[in-house]
Every structure is written in C-alpha cells, then in structure tokens.
S.K.: 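Please find one structure pasted underneath; my questions will follow.
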Amino acid sequence: MRILHLIAFLAVLVTAVVAWTKEDHEIFDLVSAIEAAEGKGTTFYSWLEVPPTASTSEISKAYRKKSLQLHPDKNKGVKNAHERFARLGVVASILRNPEKRERYDFFYKNGVPRWRGTGYYYSRFRPGLGTVLTFLVMLTSGLQYLVQKMNYNRDLKRVHEIRDQARAAAWGQKMAPLEGQRKVKVNLGGGPRLDEDGNIIAGKMVDMVVEGDEVYILEADGSLFPVNSDTAVPPSIKRTWFLSLVTRLVGKAVRRDGTKIEGASAEPEGEGEDSDGGSGTGSDVPSSGAVTPKEGSTSGGGSVKGGQRAATTMAGGKRRKAVRRK
C-alpha cells in the first residue's frame, strides 16, 4: 500500500513539473526579481500602478509614464537603473500579450508555486557532474536505507508473531506463564494448503522451546537459537552500497600494502647474503619473498655442496636465481 501511495505521489509531482513551460519560468523569475527590487508583494499591476482589469491601452500608457521615471538617463548614478528599466519593458510586454497575460493572471490569483520543477532549477544553477553524482549517490543510498528500515520493521513484526505463537502453544489461550521449559511445535510456513493432487499440506512446523519470557528454536543438534528482537538486522548507513564499496576497497588496499611491506622487509637479508659471494640455483619451493638460507658455503671459494639450494631474491615481483659475483 505504501508503495502505491509513493507511486501516486511521484505521478502527481511529475505532472506538476511537466505543467510549467518556458514562459512560466520567465514569469517566476520576474516575480522574484520585482519583489526583491521593489518590495515584497509587488505585482506587475501594482508596479505599473494600474488595476488588474486595465485594458491594453491603459497598460501601454502606464508603461510610457513609468519608463520616463526609470529611464537610465534620468537616474544616472542610481544602482541597478538599467536592470529596472529593462525589467519594466519585459513586464509591459507580458501584460500587452493576451496569452502571456492570461498565464500571469493565473499565478496572480493562485500564487507562484514554491516548487517550480527540476527543469527550472537546473537551467538556472547548472550543477556540474560532481554535484549530480553526489546527489545520485545520496539519493540511492537514502532509498536503500529506507528499504532496510522497512525490512527491519517487517522482521520485528514477524519475530513478535512467532514469539506469540510459541507462547500460546506453551501456555494456552490465557497466556499465563508456566515455570520450566516447554517444547512446542510452531507453524512458520503459513496455514494448511492444497498440493497439485488436492491433498492438504500443513505449514512448516518447527520445534521451539519456551522458557519464561524467552523463546528459542530447537536445532537438530539440541542447541537453542534465541528468537528476539536481536534476530532482526537493524538498518545501518554503513551497509548502503556506496559506503560498503568504499569499505571493501580500503580493506583490499590495506591488505595489499601489508603484503608489500612484508616482502620488502625480507629482501635486504637476501641481498646481504648474496654479496658475501654465495652462488647456486633458485629454490623450487614457492615463498612470500623470504630468503632461503645458504648452507655449507666454504671460505674463500664461495662454492656450495651438490644438491643444495642457493639463496633467492625478489626482483620486480618475480623470483630469480642469485647471480654469482666474480
């Protein structure tokens, strides 16, 4: 039901947004600009000092009179004189156009809407790619959190229903608590239903144990699994898709850096032994970069016994044989 209400609300909102045209947006801008410059509550008619029922000729006469007062040549040094004069011309052109005046009269009588549509705000503020992506991330994360909240409330309701069924089976319809443990069977699979052959199939019956106010599910191995509000998973902003993705990436980066540090700390040991004059073949056993200690090296000659494995070192992320130095 809530989803249907949400869809209906979005449909009404979309209809209202689509209803505003480019001419409506022009009127919205003029209304806001006039109220900001001339005072709150100033309308096209009050600025021209004519009644809303004025004829086109009366509006033209009032415009000529007002334009002489606001002309920039007569208002030198006055701040925003050019903007006010240009704005006056646009207002007069709207009121002298029957279609545009009819549209303005609609907003004059019903008021300018506070929400003027996404197209209106987008065309004036022009958000960048980063702003749009941030908005989408916040929107989708918020919706996901809302879904988590709805699922949590649904699970809590289901837990309370199961607990009530178990208590009713253990204590009876009067729900008078009894001492000790009571083993009961609770139907968790809904009511009886018919299969394809017309046979009655009972719901999924689960063994449960009631002890005082606590209710448990009896596992096959005899262990008890508590059934309470902790069973439901509460909503968490950390489990939304964006924060979960960031957490996984950071975790992988930390583990990768730890492996590199471990390998780098073992590398100098192999280089030190290699410089002593030892030689041999690379180890066949995979390792994480630790140096295989040399055995049986003789003094002065730098030779090793047959069959022994020489030290290996890490180079560019690959294992290589230690090179004998002459």
Side-chain angles (χ1 to χ4, degrees), residues 1-16 115 133-255:
M1 183 63 67
R2 293 181 179 178
I3 296 178
L4 294 177
H5 289 167
L6 179 60
I7 294 175
F9 173 75
L10 292 176
V12 172
L13 182 61
V14 169
T15 304
W115 175 253
L133 292 178
T134 302
F135 172 75
L136 292 177
V137 168
M138 295 178 62
L139 178 63
T140 53
S141 298
L143 291 176
Q144 187 178 6
Y145 181 83
L146 179 61
V147 172
Q148 291 180 9
K149 181 68 174 178
M150 295 172 62
N151 291 337
Y152 176 67
N153 293 334
R154 180 200 61 192
D155 293 342
L156 280 181
K157 183 179 178 181
R158 180 59 176 163
V159 167
H160 291 318
E161 290 177 353
I162 293 174
R163 289 172 61 89
D164 291 341
Q165 291 180 27
R167 290 171 178 172
W171 300 341
Q173 296 297 328
K174 294 183 178 181
M175 298 293 286
L178 302 176
E179 296 182 357
Q181 291 185 349
R182 297 277 177 168
K183 182 179 178 182
V184 296
K185 286 186 176 292
V186 178
N187 182 8
L188 299 183
R193 61 186 185 278
L194 298 177
D195 60 6
E196 296 179 355
D197 299 331
N199 299 321
I200 299 178
I201 303 176
K204 183 179 180 181
M205 305 300 291
V206 177
D207 292 330
M208 305 190 75
V209 174
V210 179
E211 183 177 7
D213 290 335
E214 300 299 328
V215 178
Y216 305 90
I217 294 178
L218 181 61
E219 302 287 354
D221 57 358
S223 59
L224 299 177
F225 180 81
V227 180
N228 49 40
S229 58
D230 295 336
T231 308
V233 180
S236 174
I237 195 67
K238 294 182 179 179
R239 290 193 294 108
T240 56
W241 73 270
F242 182 73
L243 291 182
S244 298
L245 176 62
V246 172
T247 303
R248 286 197 297 268
L249 293 178
V250 172
K252 290 182 179 180
V254 170
R255 288 194 296 271

S.K.: I would like to know whether Thr140 and Gln144 meet side-chain contact (heavy atoms from CB on, under 4.5 Å); could you show each step before the answer?
M.R.: CA-CA 6 Å; Thr140 53; Gln144 187 178 6; over 6 Å; no
S.K.: To check you understand the geometry: which heavy-atom pair defines the closest contact between Val137 and Phe242, and what is its length?
M.R.: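 It is CG1-CG, 3.6 Å.
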S.K.: Do the side chains of Lys149 and Asn153 get nearer than 4.5 Å, heavy atoms only?
M.R.: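 Heavy-atom side-chain distance check passes, below 4.5 Å.
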S.K.: side-chain contact (heavy atoms from CB on, under 4.5 Å) between Asp207 and Ile217: does it pass, once the steps are laid out?
M.R.: CA-CA 6 Å; Asp207 292 330; Ile217 294 178; over 6 Å; no
S.K.: Below 4.5 Å, heavy atoms only, C-beta onward: do Arg163 and Arg167 meet side chain to side chain?
M.R.: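 Yes. Closest side-chain heavy atoms under 4.5 Å.
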S.K.: I need the full list of salt bridge (Lys or Arg N to Asp or Glu O under 4.0 Å) pairs touching residues 208-227, with sequence neighbours left out, sorted by first then second residue.
M.R.: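 Residue pairs with at least one partner in residues 208-227: there are none.
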S.K.: Which heavy atom of Val159 sits nearest to which heavy atom of Ser229, and what is that distance?
M.R.: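 Scanning both residues completely, I find the closest heavy atoms to be CG1-N, 4.3 Å.
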S.K.: Which heavy atom of Trp241 sits nearest to which heavy atom of Ser141, and what is that distance?
M.R.: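 Taking Trp241 first and Ser141 second, the nearest heavy atoms are NE1-OG, 3.7 Å.
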S.K.: Which pairs with one or both residues in residues 233-252 pass salt bridge (Lys or Arg N to Asp or Glu O under 4.0 Å), sequence neighbours excluded?
M.R.: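 Qualifying pairs, neighbours excluded: none.
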S.K.: Quick check: do Leu218 and Lys183 have side-chain heavy atoms less than 4.5 Å from each other?
M.R.: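 Yes, at least one pair of side-chain atoms sits under 4.5 Å.
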S.K.: What is the minimum heavy-atom distance between Val184 and Ala166, and which atoms define it?
M.R.: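 Here Val184 and Ala166 meet closest at CG2-O, 4.0 Å.
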S.K.: Is any side-chain heavy atom of Met208 less than 4.5 Å from a side-chain heavy atom of Val215?
M.R.: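 A side-chain contact exists here, since the closest heavy-atom pair is under 4.5 Å.
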S.K.: Indicate yes or no: at least one non-hydrogen side-chain atom of Tyr152 is less than 4.5 angstrom from one of Val233.
M.R.: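 Heavy-atom side-chain distance check fails, nothing below 4.5 Å.
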S.K.: Looking at Tyr216 and Pro226, what are the two nearest heavy atoms and their distance?
M.R.: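 Between these two residues, the closest heavy atoms are CD2-CA, 3.6 Å.
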S.K.: State, to 0.1 Å, how close Leu224 and Gln181 come at their nearest heavy-atom pair, and which atoms those are.
M.R.: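 Smallest interatomic distance, heavy atoms only, reads CD1-NE2, 4.4 Å.
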